[in-house]
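One is the number of the first residue; the rest follow in order along the sequence. Only a predicted model underlies this, so the values are computations on that prediction, with no experimental measurement involved.
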Amino acid sequence: MKPGKSLRHHKWMTIAAVLVLLASTLAGVYAIWGVVFVYWGVLAIRSGQAFLVEAIERKENPVLFWVLTAMWFGFGVLYILTDIFPTQTA
């Protein structure tokens with residue numbers, strides 16, 4: 001496969017998301033990561049499958065599935081709120 005042709009097979013939304021996440025991290029804006037975590041939580045509930053190091057099925061491991069999904073939502077909300085309401089240091 002030619003190099004130019006392989007570029008057309010990339011997932012452009014994923015590449016754009018990676019660039020936005022990289023830029024927001026370098027800028028110190030973590031709310032974008034929070035939105036991604038909440039999105040992962042929503043996807044997990046809709047699909048019945050969460051992923052951290054390996055796939056976790058809701059039917060096979062319900063407690064682990066819900067703990068992981070709650071973590072995605074919790075971290076997401078925490079990151080969003082941290083950017084909206086930063087702590088004041090003297």
Do you reckon [X] sits in the same ILVMFWY cluster as [Y], going by side-chain contacts under 4.5 Å, direct or chained?
{"X": "L19", "Y": "I32", "answer": "no"}
{"X": "F65", "Y": "V67", "answer": "yes"}
{"X": "V20", "Y": "L43", "answer": "yes"}
{"X": "V42", "Y": "I45", "answer": "yes"}
{"X": "L52", "Y": "W40", "answer": "yes"}

Surrounding OH of Y39 (heavy atoms of other residues, nucleotides or ligands, distance under 6.0 Å), is the total greater than 12?
no
Other residues, nucleotides, ligands: >12 heavy atoms within 6.0 Å of F75 CZ:
no
To the nearest 0.5 angstrom, please state how far the CG atom of L64 sits from the CD1 atom of I56.
4.5 Å
State which residues pass side-chain hydrogen bond (donor to acceptor under 3.5 Å, both in side chains) with T25; sequence neighbours excluded, sorted by chain then number.
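T25: side-chain hydrogen bond (donor to acceptor under 3.5 Å, both in side chains) contacts with W33.
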According to side chain to side chain donor-acceptor pair (under 3.5 Å), does anything in residues 56-74 pair up with another residue at least two apart or in another chain? List the pairs.
Q49-E57
Residues 76-86 side chain polar contacts: donor-acceptor under 3.5 Å, at least two apart:
unit_1	atom_1	unit_2	atom_2	d
T82	OG1	L78	O	2.7
D83	OD2	Y30	N	2.6
D83	OD2	A31	N	2.6

